[in-house]
Amino acid sequence: MSTGVLQAKLWYAQRISAMVLGLCVAIHLLIIFYAIRGGLSAQEILGRTQGNVLLAIFYEVFILACFVHAPIGVANILQETFPKSSLARPLSFILALLILVLGTTAVIGVFTGGQI
Amino acid sequence: MSNTDLKVKVWRGSQEGEFVEYLVPRNPNQTVLDVVTYIQRKLDPTLSYRFACRVGMCGSCAMTVDGVARWTCRTHVSQILQGDSLEIAPLNNLPVIKDLATDMREFFNKWKGAVGFFKGNQTRHDDFAKVEPHSVERQLANAGIECIGCGVCYASCEVVESRPNYLGPAALNRAWTLTNDVRDIQQLERMYAVAGDAGCHACHTQGSCTERCPKAIEPTASIAGLKKLVAKAAVRGSKWGKL
């Protein structure tokens with residue numbers, strides 16, 4: 001695959017993931033309203049969110065959309081800001097990995113209440 | 001100096017150089033090109049600049065006037081003058097040959113790079129191709145067809161500045177009109193040529209090209225059309241095949 005075609009595919013992936021993110025952010029705002037009603041402590045929030053499979057699936061989708069969307073954008077910004085460095089690709093890979101691992105850890109943490 | 005004189009700072013030199021100030025009499029209906037011509041004919045015959053038709057058809061007289069790329073033959077001094085001074089420089093994003101004349105080779109090579117030229121498969125012995133004037137393709141091609149190749153969009157594009165291999169708005173606009181030319185037979189090659197960060201997908205949609213195009217063309221819209229078409233062709237395929 002030529003570089004141009006790969007970049008066109010990445011562009012497409014970024015647009016589709018942006019659509020998913022738009023929906024996710026809207027739903028996330030509603031969930032925040034639900035989760036903070038009646039107390040802001042971790043225990044109170046976990047009391048309303050822990051063990052909810054739907055919430056876990058939703059946030060994992062949210063993370064996957066971020067995992068696709070953010071690194072492509074960051075790679076573009078780095079490439080244009082520092083055209084002579086070859087940092088764009090490795091840094092965006094690290095960012096992608098961090099979003100996936102830390103995000104998924106957080107979802108598991110909320111789902112299990114940190115029992116694992 | 002009379003009250004009606006213009007103070008005109010003109011770029012002299014090539015890549016390295018300086019602005020030199022000239023006093024030019026102010027006339028009614030004077031264009032910026034008239035100002036430059038006056039300097040060259042009356043004040044300093046060594047001034048180099050480029051023009052041909054003087055009526056907005058040839059696209060050769062574009063310059064940076066008060067920091068903005070414009071076609072100078074159709075820009076009246078009265079439209080842009082603030083105070084009594086003008087600053088005239090060569091176009092941005094192109095190497096300067098001398099004074100106000102830039103080297104346009106890269107600009108036109110990029111048209112070629114974007115497969116911005118027509119190739120059909122009919123001969124003079126075939127009947128005329130029939131293109132319905134109200135068809136979607138013809139309408140989309142019409143929107144971008146009047147480009148005169150002046151380079152104003154290219155000089156105004158910030159992506160060209162940060163990515164020197166970016167094809168630029170004029171070449172991509174031409175590619176888009178050809179993409180909508182039902183007689184053309186190079187559609188896949190063209191999509192390969194304009195895909196990715198050297199092509200349409202690098203555009204920031206900032207719209208400086210559209211804002212400044214003297215022919216009121218919208219290269220931003222043409223590039224957006226290419227982005228969608230090419231990305232879909234890469235992922236799902238197109239009527240001409242998959243990339």
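Chain A is the first sequence line, chain B the second, and so forth, proteins listed ahead of strands; every chain is numbered from 1. Heavy atoms only: backbone and side chains are in, while hydrogens, waters and symmetry mates are out.
Counting heavy atoms of neighbouring residues, nucleotides and ligands inside a 6.0 Å radius, atom NZ of B:K119 does not exceed 12 of them. Within a 6.0 Å radius of NZ in B:K215, more than 12 heavy atoms belonging to other residues, nucleotides or ligands are found. Atom CD of B:E218 is surrounded by 12 or fewer heavy atoms from other residues, nucleotides or ligands within 6.0 Å. No more than 12 heavy atoms of other residues, nucleotides or ligands shown are found within 6.0 angstrom of CZ on A:F93. Heavy-atom neighbours of A:Q43 CD from other residues, nucleotides or ligands within 6.0 Å: at or below the threshold of 12.
Looking at every heavy atom in both residues, A:A8 comes nearest to B:A231 through O-CB, 3.7 Å.
Residues B:R163 and A:Q79 have side chains in contact (heavy-atom distance under 4.5 Å, counting atoms from C-beta outward).
Between the CH2 atom in A:W11 and the NZ atom in B:K228 there is a gap of 7.5 Å [rounded to 0.5 Å]. Within the model, atoms CG of A:N76 and NE2 of B:H204 stand 7.5 Å from one another, a figure rounded to the nearest 0.5 Å. Distance CD/A:E80 to CG/B:D197: 7.5 Å, rounded to 0.5 Å.
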